[in-house]
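Take a look at the structure below.
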Amino acid sequence: MKSKSLTFKIFINTFLVGTLIYFVCAFLFISNMYSYFENQIFSELITESNFLEKYVLEGELDYIASIKTENRITLIHTDGRVYFDNKVDISKLENHGTRQEFIGVKNKGAIQLSRFSSTMTEKTLYFARRISNGDVLRISCNQHSVWVLVLGMSQILLIMFVIAVIISGLSASWISKKIVDPLNKIDLENPEESDVYDELKPFTKRIAEENFEKSQREELRQQFTANVSHELKTPLTSISGFAEILKSGGTDETTTKDFAASIYDESQRMITLVNDIIKLSKLDEKSISLEKEAISLRDLCRDVIEVVSANARAKNVTINLSGESGLINGVQPVIYEMIYNLVDNGIKYNIEGGKVEINIQNMMESKCVILTIKDTGIGIPASEKERIFERFYRIDKSRSKQNGGTGLGLSIVKHAAKYHGASILLNSEVGKGSTFTVIFPV
């Protein structure tokens, strides 16, 4: 179902509220007007009773009978017998001793009440009081019910309704446009500079943040493209140069082998670079298809140590593993890649005869597992710590390329940690080594 526009929703709700207000006001007006007229009638009945009492006490019932009035005047003895009625033959009237108004007068001295007719189109208003001689004087008159009043006013009410609908429609249209107008004027490029309602400021702030993040991502993408182009250009140029020399012929066997070895090394470097780029892309897009599972960090560290042991022996670097099992929930290949990069860097940038210490701790109270990888290598300057996880960023470019680094290892570590909701801490001092601490939530 197609959703309605905000303008339409505001319009229809405002219109309905306006219409509802009309009906409420009309109801209150009619009911109050009807009550006012009823009170006026009772007031007239009371005044008339005061006027008639004098003639009743003087016995001038003929005079009362001669008064031209629409009101019905009834006189009742203390025993309930009717002895005068200006509208009905008293011989046909039963004893009024059980009538509500007669009983009310006996208890209170005076009473006013009303009764609806059988058709509910008319009601009779009664006022009865005890006069000086103890008899009851009752005066009544007929009044149309409120429904007859509404019916009689139907034409004017209908005209007022049409006017109310027109005013409500125009008001609703103006209000809805007035409310939506600031929304339509929001500058999506510079949302925080737009004049909007206070309630929308968190929304515009969020758009501004997303715009900033988008520009940053675009800048990073451009930098990444430039870096990839540069990183690929160097080995491709070398390979092309060596291949061109070999193509021309005339090189001896030793030179040919050296060129072939260089071509192999450069191509391996390119393959490593492309693989790292693919890993980063998958982490960026969160397109890893493997599901998370229970993983032992200790077991993964053992696998990594086995793989890098040859490089460690070649550099005379000792690797020690200590601590607990470190059970976490994660994607095994991604966690393995993270540990491999940290341990491999600990070997590559270590001193001859140095150490790499791997420790795992289960922190039950804080519900986390801490993986610490400490080396005795060259260390990282304080000024470089903030940038060390950037893509293609190298502290010592010449040494990094000598060791076969792509400049993407720590960036992969950062993204892998983020993918698992983990945080990374770095503590390093030049000449004394570095300590990387990864905190996994459990």
Return all side-chain donor-acceptor pairs below 3.5 angstrom for residues 102-112, not counting sequence neighbours, or 'none' if the list is empty.
| residue | atom | partner | partner atom | Å |
| --- | --- | --- | --- | --- |
| N107 | ND2 | I103 | O | 3.3 |

Using a 3.5 Å cut-off and no angle test, enumerate the donor-acceptor pairs between side-chain atoms of residues 368-375 and protein atoms at least two apart in sequence or in another chain.
| residue | atom | partner | partner atom | Å |
| --- | --- | --- | --- | --- |
| D375 | OD1 | G377 | N | 2.9 |
| D375 | OD1 | S434 | N | 3.1 |

Open item on the list: For the NE2 atom of H420 and the CD1 atom of I439, what is their distance to the nearest 0.5 Å?
Closed with: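 If I round to the nearest 0.5 Å, the distance is 16.0 Å.
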Open item on the list: Once rounded to the nearest 0.5 Å, what's the spacing between atom NE2 of H96 and atom CZ of R138?
Closed with: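 It is 4.0 Å, given to the nearest 0.5 Å.
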Flag for [Y]-[X]: side-chain donor and acceptor within less than 3.5 Å:
X    : Y    : answer
N71  : E48  : yes
T435 : N427 : no
N350 : T376 : yes

- [ ] Check whether any side-chain heavy atom of I328 lies under 4.5 Å from a side-chain heavy atom of I335, and answer yes or no.
- [x]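 Yes, at least one pair of side-chain atoms sits under 4.5 Å.
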Residues which pass side-chain contact (heavy atoms from CB on, under 4.5 Å) with [X], listed by chain and number, not counting sequence neighbours:
X    : result
S325 : S296, L327, N362
E306 : none
V430 : P381
S49  : F127, R129, L137, I139

Can you sort out the partners of [X] under salt bridge (charged side-chain N to carboxylate O under 4.0 Å, His left out), two or more places apart, ordered by chain and number?
X    : value
R206 : E209, E210
E357 : none
R302 : D299
D303 : none

- [ ] Go through the structure and list residues passing ring-ring contact (aromatic ring centres under 6.0 Å, His included) with F51, not counting sequence neighbours.
- [x]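 Here the qualifying residues are Y55.
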TODO: Would you please name every residue forming a ring-ring contact (aromatic ring centres under 6.0 Å, His included) with F27, sequence neighbours left out?
DONE: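 ring-ring contact (aromatic ring centres under 6.0 Å, His included) check on F27 returns nothing, list empty.
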Task: Among R99, E101, R115, the one residue meeting side chain to side chain donor-acceptor pair (under 3.5 Å) with Y126 - done: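 Only one option passes, and that is R115.
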- [ ] Can you establish whether the number of heavy atoms outside E70 located under 6.0 Å from its atom CD is more than 12?
- [x]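 Atom CD in E70 is not packed in, count stays at 12 or less.
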Task: Option passing side chain to side chain contact (heavy atoms under 4.5 Å, CB included) with Y340 (candidates V413, V307, I305, L300) - done: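 So the option named by the test is V307.
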